[in-house]
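Report on the structure given below.
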Amino acid sequence: MGNDVALDVQELKVYYYTYTGVVKAVEGVSFKLGKGETLGLAGESGCGKSTLGFSLMNLVPPPGKIAGGHIYIDGMDIATMPESELRKNVRWKKISMVFQGAMNALTPVYKIGEQLAEPLMIHKGLSKEEAMEEAKNILPKVGLDPAIVNRYPHELSGGMKQRVMIAMALILRPDIVIADEPTTALDVIVQAQILNLLKSLKNEFNISLILISHDLSIMAEVVEKLAIMYAGKMVEIGSSDEMFADPKHPYTQGLLKSIPKLTEKGLHYIPGQPPDLRNPPSGCRFADRCPFVFDKCRREEPPMLKVGDTQYAACWLYE
Amino acid sequence: MDYVEELDGDTILAARDLVKYFPIRRSVLDVIARRRQKFVRAVDHISFDIKRGTIFSLVGESGCGKTTTGMTLVRLYDPTSGHILFKVDDEDVRRRLKELSNGKIRFYGDYVNLSEIPSKWMKPLRTKLQIIFQDPYSSLNPAYRIRDILMEPLIIHDIGESPEERYDKILKALEAVKLVPAEDIANRFPHMLSGGQRQRVNIAKALLLNPSFVVADEPIAMIDVSLRAEVLLSLMDLKEKYGVSVLFITHDLTIAYNISDYIGVMYLGKLVELGTAEQIIKNPLHPYTQALVAAIPIPDPKRRHIIKDIRIKGEITSAVNIPPGCRFHPRCVAYDENPQVQERCRTEVPELIEVEKGHYVACHLY
């Protein structure tokens with residue numbers, strides 16, 4: 001693994017083994033995250049992006065399981081690491097996560113300071129006093145008054161809770177942070193403030209950041225590299241500049257067109273719906289909704305093909 | 001009542017000094033200590049007009065009172081005070097109202113005042129006032145097929161002479177929102193439809209009763225971005241093809257810009273700015289509106305090096321302990337920069353004044 005690669009995901013498969021069938025939520029996804037790079041993982045409900053995010057910490061909730069592939073961080077394969085090893089050395093120390101819906105991720109019965117202190121006490125063996133000091137130090141970095149260590153979550157607003165979650169993800173100075181829909185459920189002004197915060201923190205803490213969201217506008221604001229997921233597959237990846245200027249995969253094109261703009265009025269959508277992942281179609285999963293579909297699309301699944309300097313798209317149009 | 005004289009025939013609904021307060025439960029201690037009853041002042045004296053065949057978006061962040069306003073306008077909440085003037089053109093509805101109220105209902109020309117109509121007389125008006133809610137997953141009864149869900153309002157309001165005629169109306173309503181083949185969709189259960197399709201069923205349901213005014217409360221917030229336009233286009237059809245006026249409640253200014261004729265911006269229970277969509281987005285006047293517009297994310301990756309300058313301080317304050325004077329002043333950066341108005345901002349509640357034609361703002365800077 002190169003020295004400038006923070007995360008190397010190879011052919012990752014994550015399946016949910018449910019009563020009604022096996023849901024192939026992530027089917028053979030590969031990508032690399034460079035050190036200090038910000039990658040956006042975009043897609044709509046059910047595309048597998050959150051599942052992918054959880055799998056990077058091997059935290060997929062049952063009945064989900066990593067069914068194949070590798071996740072390399074610092075030469076270690078997270079996908080096959082035993083739980084005890086993950087807890088001791090990986091989770092929160094090397095890679096951490098800011099969860100969706102921060103409102104619900106904080107324990108209501110403990111004060112903020114105690115919740116921030118916990119990872120420090122468990123993973124770094126600090127005493128409670130030392131950990132609380134650390135907690136007070138990190139809060140101003142996320143724009144919060146250190147005095148809130150003595151407050152309970154219900155006394156804070158949604159935006160403030162989200163900032164606490166970000167502080168919690170950074171407190172052990174991990175190399176990689178995954179932010180899963182960090183601004184959904186937040187008002188537009190608070191959203192803009194949190195995005196400003198993420199932008200300044202990624203430089204200050206020198207982290208590699210993965211931002212998961214369905215909102216391509218906020219992706220544009222923050223990420224350098226962008227990956228688009230559809231029905232469990234990665235359909236396009238490339239630099240943010242290239243992807244927005246010249247999207248190659250028909251799904252990416254449709255998605256970008258669907259974003260309402262202030263520069264011109266117009267409403268566009270992609271007709272149809274994503275396929276049922278218990279029974280995915282043979283061939284390209286986007287075929288049914290693709291305006292450019294032809295024979296080969298329904299027979300064979302397209303691999304990632306190079307379509308630009310940094311851009312790859314899984315589409316037979318570019319063979 | 002003098003409000004009615006100033007209304008032009010084009011106005012379908014007018015809110016005048018509308019107020020909705022929610023009392024906060026008092027503990028035994030509060031009662032014993034004789035503490036004053038506290039209220040959540042969700043909607044605090046707002047006035048605006050909605051013209052026939054237009055889409056009016058009510059925008060603001062959570063807690064500003066926009067949903068409460070929508071619910072109060074269709075009388076799902078009773079207003080605490082104020083007037084809601086609603087134009088009743090339909091002869092049939094007027095007749096039914098007179099019958100139901102034994103002639104006691106008061107008409108102000110073509111208008112009735114929804115605030116003074118008791119619930120027991122509301123039924124004929126309910127066909128004309130409809131609401132579409134945010135959550136497509138909990139707003140349709142999962143135990144009924146779509147056709148039975150759509151039959152219900154027709155049966156309740158005695159529309160249609162026979163089951164066949166009603167079924168025909170249902171199919172037409174489904175076709176109007178492009179849910180085709182209509183017979184197939186009518187036969188399905190809600191879980192067999194996507195979020196966007198379910199929301200269009202809700203629109204079809206509202207359409208069935210031939211309303212003149214529909215409140216749509218964040219109808220696309222829970223739908224994927226690439227599927228939202230499908231629902232929005234159906235809503236716009238309501239206006240364009242059926243002449244229905246829509247109050248569109250949203251926190252998303254970009255959507256508001258793309259579909260509305262008029263936008264009203266709310267903050268902590270008050271209307272702070274009002275104008276056409278073009279005026280509000282391209283020339284926001286109130287400091288709060290300016291902050292909202294500045295915060296809108298733009299899908300242009302070249303801007304990612306820019307740390308946005310959003311001119312607003314602090315957090316939204318409580319709707320129980322409202323700041324005196326202009327309720328926005330504690331967060332207003334313009335307040336800090338303009339010492340000459342600070343006294344007024346702290347003590348006097350600003351009224352909406354017309355700054356350019358049709359563009360109103362409630363701010364002492366003007």
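Below, chain A is the first sequence line, B the second, and so on; all start at residue 1. Any value given below was found using the heavy atoms of this structure, including those in side chains, with hydrogens, waters and symmetry copies removed.
Between chain B and the options A:Ala245, A:Ser240, A:Ser217, A:Ser239, heavy-atom pairs under 4.5 Å are most frequent for A:Ser217. With chain A as the partner, the residue from B:Val293, B:Leu253, B:Leu233 showing the most heavy-atom pairs under 4.5 Å is B:Leu233. For the options A:Val222, A:Val190, A:Thr38, A:Asp241, heavy-atom pairs under 4.5 Å to chain B are most numerous at A:Asp241.
Heavy-atom distances place both the backbone and the side chain of A:Val188 under 4.5 Å from chain B. Heavy-atom distances place the backbone of A:His268, and not its side chain, under 4.5 Å from chain B. Using a 4.5 Å cut-off between heavy atoms, A:Gln273 contacts chain B through its side chain alone, with no backbone atom that close.
Atom NZ of A:Lys141 is surrounded by 12 or fewer heavy atoms from other residues, nucleotides or ligands within 6.0 Å. Around atom NZ of B:Lys51, more than 12 heavy atoms belonging to other residues, nucleotides or ligands sit under 6.0 Å away.
Of all heavy-atom pairs between B:Ile310 and A:Ala192, the closest is CD1-CB, 3.1 Å.
A 4.5 Å side-chain heavy-atom check between B:Ser226 and A:Tyr269 finds every atom pair outside the cut-off. A heavy-atom distance below 4.5 Å is found between the side chains of A:Leu267 and B:Met236. Two residues are said to be in side-chain contact when any heavy atoms from C-beta on lie closer than 4.5 Å; B:Glu61 and A:Ile189 meet this criterion.
For a heavy-atom cut-off of 4.5 Å, chain B lies close to A:Leu255, A:Ser258, A:Ile259, A:Pro260, A:Lys261, A:Leu262, A:Glu264 in residues 252-264 of chain A.
Here the OG-CG distance, from A:Ser45 to B:Leu227, works out to 8.0 Å after rounding to the nearest 0.5 Å. One distance of note links CD1 of B:Ile296 with CD of A:Gln191; it measures 10.5 Å at 0.5 Å rounding. Once rounded to the nearest 0.5 Å, the distance linking CG of B:Asp300 with CD of A:Glu221 reads 9.0 Å.
Scored by the side-chain contact (heavy atoms from CB on, under 4.5 Å) test, A:Leu277 finds A:Val23, A:Ala231, A:Arg285 as partners (sequence neighbours excluded). In terms of the side-chain hydrogen bond (donor to acceptor under 3.5 Å, both in side chains) criterion, B:Asp252 has no residue partners (sequence neighbours excluded).
Counting only residues at least two apart or on different chains, no salt bridge (Lys or Arg N to Asp or Glu O under 4.0 Å) pair has a member in residues 182-191 of chain A.
The backbone N or O of A:Gly266 lies less than 3.5 Å from a partner atom in the side chain of B:Asn258, making a donor-acceptor pair.
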